[in-house]
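The block underneath contains the structure these notes are about, expressed in structure tokens.
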Amino acid sequence: MPTRMKILTFLSSFFTSLGSFIVICSILATQAWIRSTFSISDDISNGNVTVSYGLFRGESSQELTQGLQEPNKYFEVLAILSESSPRILHLVVILFLVLGLFSSLLSSGFTMYNSISNPYQTFLGPVGVYTWNGLCASFTLLAMFLFVGNTQSNGLSEELTQLLYPTFTRKGVTHQYGYSFWLLLLVILLNIVTAVIILFYQKARYRQKQEQRKPMEQAPRDGILF
């Protein structure tokens, strides 16, 4: 039966791992990843187009100072993109987040299992918790970098705008990342906290073992033999 200290420690890690899982689910479900605003013009129109989207869905709107304004458009990101590098990178971002979701789920399972049992010297113990949290944090960080690269350097927002408004000429763009994107940092933080909690537990357990060993080492040799 695990000690009270171990139960409390791994239950705390379970809640942080579960929090990471829930946050990734919300990140995948929401569309407030990025908001891109373009200055546009054509023969009769002039103004701005704003495209905001997440991993799966998005919305675009116009603010024209001249010309006839169209109603807001709603679109599916993967459905509207052609077979191009922005679409491929976007799929890779989704894949990394799904892998991170799977890793956080396994971390939750491992921490809960450790709170009710003692598989300490196996992969089901702290080593497994470190592994799954490290993988989740790595997948999340890679997803962040790839998404930024896809929007800033690979022209994901530009391609979406071109497909939505093919007749407009774009003059400039500004990007603003939304809360869904910044929640990725919270996922990484929760993974770090989970690992730190287990690390402190291991250090405390090691110190306890050393203290229990000292009386035996300091006892007279004759007394031990007797």
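Note that the coordinates shown come from a computational prediction; the quantities given were computed from them, not determined experimentally.
The six-membered or imidazole ring of Phe10 lies away from that of Phe110, with a centre-to-centre distance of 6.0 Å or more. If you look at Tyr177 and Trp33, their ring centroids are not closer than 6.0 Å.
At least one side-chain heavy atom of Leu160 sits under 4.5 Å from a side-chain heavy atom of Leu81. Val193 is listed as a side-chain neighbour of Leu189, based on a closest heavy-atom distance under 4.5 Å. Proximity of Met112 to Leu11: side-chain heavy atoms (C-beta onward) are separated by under 4.5 Å at one or more points. In this structure, Leu78 and Ile94 have side chains that are in contact, with non-hydrogen atoms separated by less than 4.5 Å. Side-chain contact between Val173 and Phe38 is present, with heavy atoms from C-beta onward closer than 4.5 Å. Taking the side chain as every heavy atom from C-beta outward, Thr30 and Tyr179 approach each other to under 4.5 Å.
From Phe168, atom CZ reaches atom CD1 of Ile40 across 4.0 Å, with rounding to the nearest 0.5 Å. Within the model, atoms NZ of Lys171 and CG of Asn48 stand 10.0 Å from one another, a figure rounded to the nearest 0.5 Å. Separation of atoms OG (Ser20) and CG (Leu183) is listed at 11.0 Å; rounding is to 0.5 Å. A distance of 12.5 Å separates CH2 of Trp182 from CD1 of Ile27, quoted to the nearest 0.5 Å. If you take CZ on Phe21 and SG on Cys136, they are separated by 10.5 Å, rounding to the nearest 0.5 Å. In this structure, the separation between OG1 on Thr194 and CG on Leu199 is 12.5 Å, given to the nearest 0.5 Å.
A side-chain donor-acceptor contact under 3.5 Å links Lys73 to the backbone of Leu164. Side chain of Tyr113 to main chain of Ser108: no donor-acceptor pair is present (N/O by atom type, distance under 3.5 Å, no hydrogens or angles). Proximity of a side-chain donor or acceptor of Asn133 to a complementary backbone N or O of Val129 within less than 3.5 Å is detected. Checked by atom type and distance alone, the side chain of Asn114 pairs as donor or acceptor with a backbone atom of Leu124 at under 3.5 Å. One N or O on the side chain of Lys6 and one on the backbone of Ser117 form a donor-acceptor pair closer than 3.5 Å. In this structure, the side chain of Ser107 does not engage the main chain of Ser103 through any donor-acceptor pair within 3.5 Å.
Contact detail for Ser60 and Val51: the closest heavy-atom pair is CB-CG2, 4.0 Å. What you find for Ile24 and Leu97 is that their closest heavy atoms are CG2-O, 3.8 Å. Of all the heavy atoms in Ile197 and Ser12, the pair that sits closest is CD1-CB, 4.1 Å.
Side-chain N/O atoms of Ser84 and Glu159 include a donor and acceptor closer than 3.5 Å. Checking Thr111 against Ser13 by side-chain atom types alone, no donor-acceptor pair falls below 3.5 Å. Asn72 and Ser61 form no side-chain donor-acceptor contact under 3.5 Å, judged by distance and modelled atom types alone.
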Steps toward side-chain contact (heavy atoms from CB on, under 4.5 Å) verdict (Phe147, Val92) = CA-CA 9 Å; Phe147 186 79; Val92 174; over 6 Å; no
Would Gln152 and His175 count as a side-chain contact (heavy atoms from CB on, under 4.5 Å) if you check the C-alpha gap in whole Å, the side-chain angles of each, and the deciding distance to 0.1 Å?
-> CA-CA 8 Å; Gln152 297 287 347; His175 300 296; 3.7 Å; yes
Kindly indicate, with the supporting measurements, whether the criterion side-chain contact (heavy atoms from CB on, under 4.5 Å) is fulfilled by Leu156 and His90.
-> CA-CA 9 Å; Leu156 175 60; His90 198 70; 3.8 Å; yes
Start with the C-alpha distance between Met144 and Leu185, add both sets of side-chain angles, then the distance that settles side-chain contact (heavy atoms from CB on, under 4.5 Å), and finish with yes or no.
-> CA-CA 9 Å; Met144 285 190 73; Leu185 293 176; 3.8 Å; yes
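The number of heavy atoms from other shown groups lying within 6.0 Å of CD (Glu63) does not exceed 12.
Criterion: ILVMFWY side-chain heavy atoms under 4.5 Å apart, direct or through other members. Under it, Leu190 and Leu8 are not part of a common hydrophobic cluster. Under a hydrophobic clustering in which Ile, Leu, Val, Met, Phe, Trp and Tyr are joined whenever their side-chain heavy atoms come within less than 4.5 Å, directly or via other members, Val49 and Tyr74 fall into different clusters.
Ring-plane geometry between Phe75 and Tyr53 is classed as tilted, the angle between the planes lying from 30 to 60 degrees on a 0 to 90 degree scale.
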